[in-house]
Amino acid sequence: MMKWLQDAVFYEIYPQSFYDANGDGIGDLIGIIEKLDYIKELGCNALWINPFYDSPFKDAGYDVRDYKKVAARYGTDEDGVRLFEEAHKRGIKVLIDLVPGHTSEEHEWFKASSKAEKNEYSDRYIWSDFIFNGIEGHPYIGGEAERDGVYMLNFFKCQPALNYGWLKPTEPWQKGIDDPACLATRKAMADVMRFWLEKGCDGFRVDMADSLVKEDDENKSGTCQIYRDILPGLWHDFPHAAFVSEWNNPDQAINGAGFDMDFYLNHPGNGVNSLFRDYITEGEDRSFFRADGHGDITRFLEEYQPRYNKTMMSGYISLITCNHDTPRLTKTLTKREIELAYAFIFTMPGVPFLYYGDEIGMKYLDLPTKEGGYFRTGSRTPMQWNSGKNLGFSEADAADLYLPVDDAPDAPNAADAMKDPDSLYHTVKDLIALRHANKDLQANTYCEVIYAEKEKFPFIYKRGSFIMVLNPSKETMTNIIPAGFAKVYGIGDIEALPVDESDVLKVGPQSFAVFKATTEKAREAAIAWK
Ligand code: GLC
């Protein structure tokens, strides 16, 4: 497992909304460079930057027109290189976004592929052989190209699917994954990765990583085979490069494809929504972190634990505070509920990711769609730096901003939050510092569940000599525990009080603590909760 990931805490930056250094209303790479000290001070030592490539921006940059060029709105190619250098000077690694499954319909490859005359790129994308032959089970577009046939989409209409082949071709126009045309696509993508690694990035977040091979089997063996082919060659030349997948299936992504980490996203079926966003399902919000949610940690653990057990020796599950595709937690959780959620995220195993602005509790705004954002747009608003013009994001006129800044009178901002010891910012900063200071709270150390009962509190888990006690409910509970547990971090009213030979652990409402076992007896006993 990649060594530097052991202590990595990532910060996700949506470049258009982070900091506008040149006053044109949109964030840029120089803006990111100017804020690297802020990120370092917060304690994050790695970045994931959403796509900054040349693009018509119909899906906010996930529609790449030129993989090897920085979009003019973000700056120059040189700015990209400088960003890597400046980050490295501060001990910060940089992962950039790779979109391997599709390009923009304006990419040169696609323009060539659309031509009637056969050429090098004719099979770079998936085309059927006749304009009235669709692509069964997949979205496709016909009637726009000079060439006969329809082409397959990978996401929006603007994103034609690159051709990595079909696992079991059934039509004459479907290529196998080892067909020379599909191998050429694979090679082209490896070449893009190499290009940026040579320029100094430290790896990639791979977009829709599981989407390469069409009609893949249930283990995604075709797609896995492609990464197994690409990644070792890159590691040979860039041994410290790291790769995180948007796959949401850690076993396939890590054990199958060879990724270092896989995102644990808010997709149905992995239990994550039961923690933070149970409003997605019908009825009342029963999210574990809501004080009135009547939460149940077992709904998460039943899904998470088998996945963790399968991957803990080979890679990392990445829990995220949020991302650019997901409503921010502030949509439904209060400050205290979010603090407890972060306490959990930053003390669990794997490699955590913090979404820009989540450290100050930026709001999820109700906004019309922008660049294919739809409901996601509300999580993509400009970072709130201070109480000045446009909350410090940009010197441009408000009307010219990429997206409006939060105009609520109580909109948080980083400068004020840094001055206020009770702010969410300081909780995040303290939790990250705690993680950096203690190896057992970093990526690797085994996480043992000590107490997790259906619809009961608290949730207790142990990592090395640390015991985490988490109670998101409004109830108070007490229990007798062995002596020798020292509190090293706490939120709310939670104490281990010595009484005779034992301790009484009092767990107040909405509280969390990290206890360190200071005696051999405590180390062995953990916290036996009855
Ligand atoms: C990923 C990205 C998302 C994008 C989609 C298509 O899910 O995170 O923002 O729209 O892929 O590339």
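All figures in this text were calculated on a predicted structure; none of them were measured in a lab. As the structure lists them, so they are numbered: ligands from 1, and atoms in each ligand from 1.
- Of all atoms in ligand 1, numbered sequentially from 1 with element shown, those under 4.0 Å from a heavy atom of R376 are 3 (C), 4 (C), 9 (O), 10 (O).
- Contact annotation: for R205 versus ligand 1, heavy atoms closer than 4.0 Å belong to the side chain alone.
- Given atom 7 (O) of ligand 1, the protein heavy atom at minimum distance is E246 OE2, 2.7 Å.
- Exactly one residue among R73, R376, R380 makes a salt bridge (charged side-chain N to carboxylate O under 4.0 Å, His left out) with E371. That residue is R73.
- Contacts between E371 and ligand 1, counted as non-hydrogen atom pairs separated by less than 4.0 Å, are absent for every part of the residue.
- When hydrogens are left out, the protein atom nearest atom 10 (O) of ligand 1 is D59 OD2, 2.7 Å; that is the closest non-hydrogen contact.
- Set against the non-hydrogen atoms of R380, the atoms of ligand 1 under 4.0 Å away are 9 (O).
- Every atom of ligand 1 with a heavy atom of H102 under 4.0 Å away is listed here by number and element: 6 (C), 12 (O).
- In this structure, F155 and H102 have parallel ring planes: the angle between them is below the 30° cut-off, well short of the 60° mark.
- With Y67 contributing its side chain and D191 its backbone, the two residues share no donor-acceptor pair below 3.5 Å.
- Short contacts between ligand 1 and M208, defined as distances under 4.0 Å to a heavy atom of the residue, involve ligand atoms 6 (C), 11 (O).
- Between F155, F156, F263, it is F155 that holds the heavy atom closest to atom 5 (C) of ligand 1.
- Using a 3.5 Å distance cut-off with no hydrogens or angles, the side chains of D97 and Y62 do pair a donor with an acceptor.
- Aromatic ring centres of W48 and F263 lie closer together than 6.0 Å.
- Annotation: atom 9 (O) of ligand 1 to nearest protein heavy atom, D325 OD1, 2.7 Å.
- In terms of protein heavy-atom proximity, atom 11 (O) of ligand 1 is closest to D207 OD1, 2.7 Å.
- Using modelled atom types, one finds no donor on one side chain facing an acceptor on the other under 3.5 Å when comparing W109 with T103.
- For the residue pair N323 and Y14, no side-chain donor N or O sits within less than 3.5 Å of a side-chain acceptor on the partner.
- With a 6.0 Å radius and a threshold of 12 heavy atoms from other residues, nucleotides or ligands, D366 has its CG atom at or below the threshold.
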